[in-house]
Amino acid sequence: MTDANALNRRFVVLISGQGSNLQQIVTEAQAGQWPLEVVRVISNRADAPGLAWAQAQGLPTAVVCHHDYDSRQDFDDALAKVIEKDRPDYVLLAGFMRILTAGFVAQFKSRLINIHPSLLPAFTGLNTHARALEAGVGWHGCTVHFVTESLDHGPIIAQAALAVDRSASVQTLAERVLRLEHMIYPRVVQWLAQGRVRLDESNQVHIQGVAQPHIWSQL
Ligand code: GRF
């Protein structure tokens, strides 16, 4: 391991599907030449297109398939074992479509990051874009946050917002929000890689050199 690598923070990325956020993060790090050490991409689905992409990039991968386990706890225990082997500083959930048990979250507390396609705490859970249109909100977007025991409610690191065109379809809105995700997640991962993000004892997020809460907006 070179000295530089010794300093690099180690990231495990969990995906379930396309892995577009994974791809954006890795591509931006390479283009921006900032140090990013993805030590493994893990999927709960063997057919996840993001896995093939990661393998083509030469990134280590693994599959821990939830169908192979009798319970959510057994799956989470197996997943945690695979993750810990890589000694990650951070575990990024990037389109990982599993609800994690409290024990798993506690084991990776303050190392576990997620991107959610809404402006939390609005629209936790699924189908966020349809629900945002149904609710007639003026603003919608995405949130990068630390994961805690309560689903989609962890300390917010950054948010990106856009003005909603109420005539838009769910698909159009989803595409616009995904583009915001591709802008915000790489920024946050770069801050994490630089060791600039801290979660204090009262669950407040501090990012060295960045005003909090970090927001972007797009009219
Ligand atoms: C994205 O909408 C993300 O917000 C959600 O999963 C979806 C797919 O993400 N968490 P990706 O393309 O697999 O990164």
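The basis for the numbers below is simple: all heavy atoms, side chains too, and nothing from hydrogens, waters or symmetry mates. Remember, it's 1-based here, ligands and their atoms both numbered in the order they're listed. Quick caveat, the model's predicted, so the values are computed rather than measured.
- Under the 3.5 Å distance criterion, the side-chain polar atoms of Thr61 are left unmatched by any main-chain donor or acceptor of Leu51.
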Tell me, with the steps shown, if Arg187 and Glu28 meet salt bridge (Lys or Arg N to Asp or Glu O under 4.0 Å).
CA-CA 9 Å; Arg187 291 293 71 67; Glu28 287 222 2; 2.7 Å; yes
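- No hydrogens or angles considered: a donor-acceptor pair under 3.5 Å links the side chains of His129 and His140.
- Those atoms of ligand 1 that come under 4.0 Å of a heavy atom in Pro117, given as number and element, are 4 (O).
- The protein non-hydrogen atom at the shortest distance from atom 7 (C) of ligand 1 is Gly95 CA, 4.3 Å.
- Atom 10 (N) of ligand 1 has its closest protein heavy atom at Ile115 O, 3.4 Å.
- In this structure, the protein non-hydrogen atom closest to atom 3 (C) of ligand 1 is Glu181 OE1, 3.1 Å.
- Nearest protein heavy-atom neighbour of atom 14 (O) of ligand 1: Asn21 N, 2.9 Å.
- Salt bridge Arg87/Glu37: absent, no basic N to carboxylate O contact under 4.0 Å.
- Using a 4.0 angstrom heavy-atom cutoff, Gly50 does not count as in contact with ligand 1.
- Among protein heavy atoms, the minimum distance from atom 13 (O) of ligand 1 is reached at Gly19 N, 2.9 Å.
- Under 3.5 Å, the side chains of His182 and Ser20 contain a donor-acceptor pair of N or O atoms.
- When all heavy atoms of Glu181 and Pro117 are compared, the closest pair comes out as OE2-CB, 3.6 Å.
- Looking only at heavy atoms of the protein, atom 12 (O) of ligand 1 is closest to Ser20 OG, 2.5 Å.
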